[in-house]
Amino acid sequence: QVQLVESGGGLVQSGGSLRLSCAASGHTFRSYVMGWFRQAPGKERDFVAAVDRSGGSTNYADSVKGRFTISRINFKNEVHLQMNSLTPEDTAVYYCAAGPFYDSDPARYNTWGQGTQVTVSS
């Protein structure tokens, strides 16, 4: 039922920051676990971060822990990914996803946005 649209991607220098946003339509947003995933050319879609329904618990991939922060603002139907200390290895298409389980497996998410490109230059 929920539909997702990502924004905020772009080109940034190594060491810089970006904030990605995901806007959700519908009025069942609070019932979904929200996650961010990324996919680089020729690679699988990898877990980045997840936040539970209330926003009280978060989980991060080891590669982004300490640099990225996921958050949600339920009354605005938004989820965000603050990305700091970016490196070229973070270059990928970033996807917002919604699902019924607090999980790092992309197969457990059933609604996806179209993605937003993040490119980090050296």
### Query
If you look only at pairs with a residue in residues 9-100, which of them pass as a disulfide bond (SG atoms under 2.5 Å apart), with sequence neighbours excluded?
Cys22-Cys96
### Task
Name all pairs fulfilling the disulfide bond (SG atoms under 2.5 Å apart) condition that reach into residues 27-93, sequence neighbours left out, sorted by first residue then second.
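Checked against disulfide bond (SG atoms under 2.5 Å apart) - neighbours excluded - no pair reaches residues 27-93.
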What's the shortest heavy-atom distance between [X] and [Y], and which atoms?
X: Tyr60; Y: Val64; value: CB-CG2, 4.1 Å
X: Ala24; Y: Val2; value: CB-CG2, 3.6 Å
X: Ser17; Y: Ser85; value: OG-N, 4.3 Å
X: Val118; Y: Met83; value: CG2-CE, 3.9 Å

#### Entry: salt bridge (Lys or Arg N to Asp or Glu O under 4.0 Å) partners of Asp46, counting only residues at least two apart
none
### Message
The criterion is salt bridge (Lys or Arg N to Asp or Glu O under 4.0 Å); which residues satisfy it with Lys43, sequence neighbours excluded?
### Response
none
### Message
Tell me which one of Asp90, Thr91, Thr116 satisfies side-chain hydrogen bond (donor to acceptor under 3.5 Å, both in side chains) with Arg38.
### Response
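Testing Arg38 for a side-chain hydrogen bond (donor to acceptor under 3.5 Å, both in side chains) against Asp90, Thr91, Thr116 leaves exactly one candidate, Asp90.
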How many angstroms lie between atom [atom1] of [X] and atom [atom2] of [Y], to the nearest 0.5 angstrom?
X: Thr111; Y: Met34; atom1: OG1; atom2: CE; result: 8.5 Å
X: Leu20; Y: Phe68; atom1: CG; atom2: CZ; result: 8.0 Å
X: Asn74; Y: Arg30; atom1: CG; atom2: CZ; result: 5.0 Å

### Query
Taking NZ, NE, NH1 and NH2 as the nitrogens, is one of them in Lys65 or Asp62 under 4.0 Å from a carboxylate oxygen of the other?
yes
### Task
List the steps and the verdict of side chain to side chain contact (heavy atoms under 4.5 Å, CB included) for Asp52 and Arg72.
CA-CA 9 Å; Asp52 71 358; Arg72 66 191 297 161; 5.6 Å; no
Could you list the donor-acceptor pairs under 3.5 angstrom formed by side chains in residues 7-14, with sequence neighbours left out?
residue : atom : partner : partner atom : Å
Ser14   : OG   : Leu86   : O            : 3.4

### Query
Has the side chain of Arg67 got a donor or acceptor atom that lies under 3.5 Å from a matching backbone atom of Gln82?
no
### Query
Just by distance, do the side chain of Glu6 and the backbone of Gln114 share a donor-acceptor pair under 3.5 Å?
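Here the side-chain-to-backbone pair exists.
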#### Entry: Co-members of Tyr109 in a cluster of I, L, V, M, F, W and Y side chains, linked at under 4.5 Å
Val33, Phe37, Phe47, Val93, Tyr95, Tyr102, Trp112
### Query
Are a donor atom and an acceptor atom from the side chains of His80 and Ser71 found within less than 3.5 Å of each other?
no
### Task
Using a cut-off of 6.0 Å, state whether more than 12 heavy atoms not belonging to Gln3 lie near its atom CD.
no
### Query
Do Thr69 and Leu81 come close enough that some side-chain heavy atom pair is under 4.5 Å?
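No; the side chains remain at least 4.5 Å from each other.
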